[in-house]
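Structure first, commentary second.
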Amino acid sequence: MVKFKHYLFALLLMLVFSITAKVLAQIEKTQFEDKAKNQQNTSKEKPVENNIIDTDQLIHFGDLIDVDVLGSTEYDWRGTITPEGFLDGIEFTDDSIYGLCQSETQIAEDIKNSYGKILNDPKIIVSILDRSNRPLTTLYGAVKKPQRFNLKRKIHLNELIILSGGFTEKANGDIQILRQFETSCFEKLTRETILDESKIGDDKDIVNVRPDNSSKFINIKVSDLLSGKLEANPQILYGDVITVLNAEPIYVIGGVANPTKITVREEITVSRAIASAGGLTKQANQQNITIFRRENGQTKLMKINLDDIEAKKSDDVILKAYDIVDVAEKNRDETKYPPIIRFEDIQEKQNSDLPIRIID
C-alpha cells in the first residue's frame, strides 16, 4: 500500500511538471508571436505621413542590433553592420546578411532562411537596441552657432536654424543641404513609397531621388523658408550636411570716402558699389576706374569711365564676387597690378570640431 502511494505521488508530480512545461512553452510561444506580430505591424506602417519621412524602423550605420534565436543562446548574435552594410561577424550563415536600410522583420526572415539549413524551423527576433550612434547631422555657415546634431526625433530645417541662433548678417539668402542616401535610407523609402506630390509644391527636388547617384543637393531660399513655404522646410535626416551660404565680398578702394568690403546678396553695379562706399572723394578721378577680376586663375583688368556711365554712353558694369574696384586718385600713380587685400579670417571650423547637440 505504501509503495502504491509513492508511485501515485510520483505520477502526479510528473503530470504537474508536464502541464507546467506545456503552459510555459505556450506562454513563450505567445510572447514570441506577439513580438513578431508587432514587428510585422511596425514594418507595415507607412514610412511617410504628412510628408514627414520616418526612417527609424530601418537599420542605419551605428545601430546596435540584437538577434535572438528562441530557445537557444548558442545562435544568438549582437553587433553592428560593416561599412558595406552587412551584419558584422554573425556566424552559422552561408551567406552574408545585408542589414543597411532593412527592417527588423526583413533581417529576421533572411536569418531564418539561413539558419533553417541547420535548425528545425527557427524562430528569430531581430531588434534595434541602440540608435544613438547614427550619423550626425551638421549645420554650419552663416548661422550664429554652427554645430552637429544627434537626432533622436523628427525635426525640420527651421527648428535647427532656431537652435543654432538664427542667421548671421553674412547669410546670402541660400541654404544648401547635402543628402547622402545611405546614411538616411532616404532613397529606399522614396523608391518604395508613392508620395502625394500635390502637397509638396513646385520644387520637386525636395523629394526627387536620382537612383544613379549616392547623394544630392537640395537648394532652398531663406526667403521661402521665412515665408512658410512647405517645400522650403524639409525634414532633416541622419547625416545631412546643411550649409547656410555666406555672402561673397566685393572690394571698393582708392578715391572713395569709405574704402570697404561690400557683402553681395544681389546684383550690384560699379556705380552702386561706389555709392555704397560713400561716393567719390575730391581727389578721385572718376574717368579712371579699374576693376580687377579673377577668372580662370588669371587677373583680368577692366577700365571704367564713370562719366560715360552717367551720360549713358556705356553700360554700368555688373560686378562679380571678389571683384576689386579701384578708383584712381589725381595725386596717385595708376595701379597696374591688383592690390593686396588683407582678407579677414573667416575660416570655418572643421566639422569634426563642432559641438554636438542631442535632439530628443
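Numbering starts at 1 and runs along the sequence shown.
Using a distance-only test at 3.5 Å, with no hydrogens or angles considered, a donor-acceptor pair links the side chain of Arg148 to the main chain of Leu354. In this structure, the side chain of Tyr115 engages the main chain of Tyr75 through a donor-acceptor pair within 3.5 Å. The backbone N or O of Asn285 sits nowhere less than 3.5 Å from a side-chain atom of Asn288 that would complete a donor-acceptor pair. With hydrogens and angles ignored, the 3.5 Å screen pairs a side-chain donor or acceptor of Ser227 with a backbone N or O of Asp224. Between the side chain of Thr243 and the backbone N or O of Leu245 there is no donor-acceptor pair closer than 3.5 Å. Using modelled atom types, no side-chain atom of Thr93 and backbone atom of Ser96 make a donor-acceptor pair closer than 3.5 Å. With Asn233 contributing its side chain and Leu157 its backbone, the two residues share a donor-acceptor pair below 3.5 Å. Thr183 contributes a side-chain N or O that, together with a main-chain N or O of Gln180, makes up a donor-acceptor pair within less than 3.5 Å.
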Where do Leu280 and Leu306 land on the side chain to side chain contact (heavy atoms under 4.5 Å, CB included) test, with the steps shown first? CA-CA 11 Å; Leu280 300 172; Leu306 198 58; 3.8 Å; yes
Can you check side chain to side chain contact (heavy atoms under 4.5 Å, CB included) on Ile242 and Ile175, steps first, answer last? CA-CA 7 Å; Ile242 309 160; Ile175 301 172; 3.8 Å; yes
How far apart are the C-alpha atoms of Arg78 and Asp76, what are their side-chain angles, what is the distance that settles it, and do they pass the salt bridge (Lys or Arg N to Asp or Glu O under 4.0 Å) test? CA-CA 7 Å; Arg78 182 174 294 182; Asp76 292 347; over 6 Å; no
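The list of side chain to side chain donor-acceptor pair (under 3.5 Å) pairs with a residue in residues 79-89, not counting sequence neighbours, reads Thr82-Glu84. Sorted by first and then second residue, the salt bridge (charged side-chain N to carboxylate O under 4.0 Å, His left out) pairs involving residues 239-255 (not counting sequence neighbours) are Arg179-Asp240. Within the structure, salt bridge (charged side-chain N to carboxylate O under 4.0 Å, His left out) pairs that include any residue of residues 283-299 comprise Arg293-Asp323, Glu295-Lys320 (at least two apart or interchain). Residue pairs meeting the salt bridge (charged side-chain N to carboxylate O under 4.0 Å, His left out) criterion with at least one member in residues 297-318, sequence neighbours excluded: Lys303-Glu334.
Side-chain contact between Ile220 and Pro234: present, with at least one pair of heavy atoms (C-beta onward) separated by less than 4.5 Å. In this structure the side chain of Ile250 never reaches within 4.5 angstrom of the side chain of Tyr322, judged on heavy atoms. When side chains are defined from C-beta on, Phe92 counts as touching Ile118, because their heavy atoms get closer than 4.5 Å. The shortest distance between side-chain heavy atoms of Ile291 and Val317 falls below 4.5 Å. Side-chain contact between Ile65 and Ile81 is present, with at least one heavy-atom pair separated by less than 4.5 Å. Annotation: side chain of Tyr140 is in contact with side chain of Val241 (closest heavy-atom distance under 4.5 Å). Side-chain contact between Pro249 and Lys261 is present, with heavy atoms from C-beta onward closer than 4.5 Å.
Ala284 and Gly255 get closest at one heavy-atom pair: CB-O, 3.2 Å. The minimum heavy-atom distance linking Asp174 with Lys221 is given by the pair OD1-NZ, 2.9 Å.
Side-chain atoms of Gln147 and Ser164 include a donor-acceptor pair closer than 3.5 Å. Side-chain atoms of Gln176 and Asn219 include a donor-acceptor pair closer than 3.5 Å.
In this structure Phe61 satisfies the ring pair (Phe, Tyr, Trp, His ring centres under 6.0 Å) test with no other residue, sequence neighbours excluded. Checked against side-chain hydrogen bond (donor to acceptor under 3.5 Å, both in side chains), Ser132 has the following partners two or more places apart in sequence or in another chain: Asp130. Residues satisfying the salt bridge (Lys or Arg N to Asp or Glu O under 4.0 Å) test with Asp360, not counting sequence neighbours, are none. Take Glu266 and apply the salt bridge (Lys or Arg N to Asp or Glu O under 4.0 Å) test, not counting sequence neighbours, and it matches Arg272. Under the side chain to side chain contact (heavy atoms under 4.5 Å, CB included) criterion, Gln298 pairs with no residue, sequence neighbours left out. Under the side chain to side chain contact (heavy atoms under 4.5 Å, CB included) criterion, Ile155 pairs with Leu151, Arg153, Glu159, Leu160, Leu163, Ile236, Ile359, not counting sequence neighbours. Looking at residues two or more places apart in sequence or on another chain, you find a side chain to side chain contact (heavy atoms under 4.5 Å, CB included) between Ala273 and Val252, Ile262, Ile268, Leu319. Not counting sequence neighbours, Phe167 has no partner by the ring pair (Phe, Tyr, Trp, His ring centres under 6.0 Å) test.
For Lys112 and Asp110, the salt-bridge test fails: no basic side-chain N is under 4.0 Å from an acidic carboxylate O.
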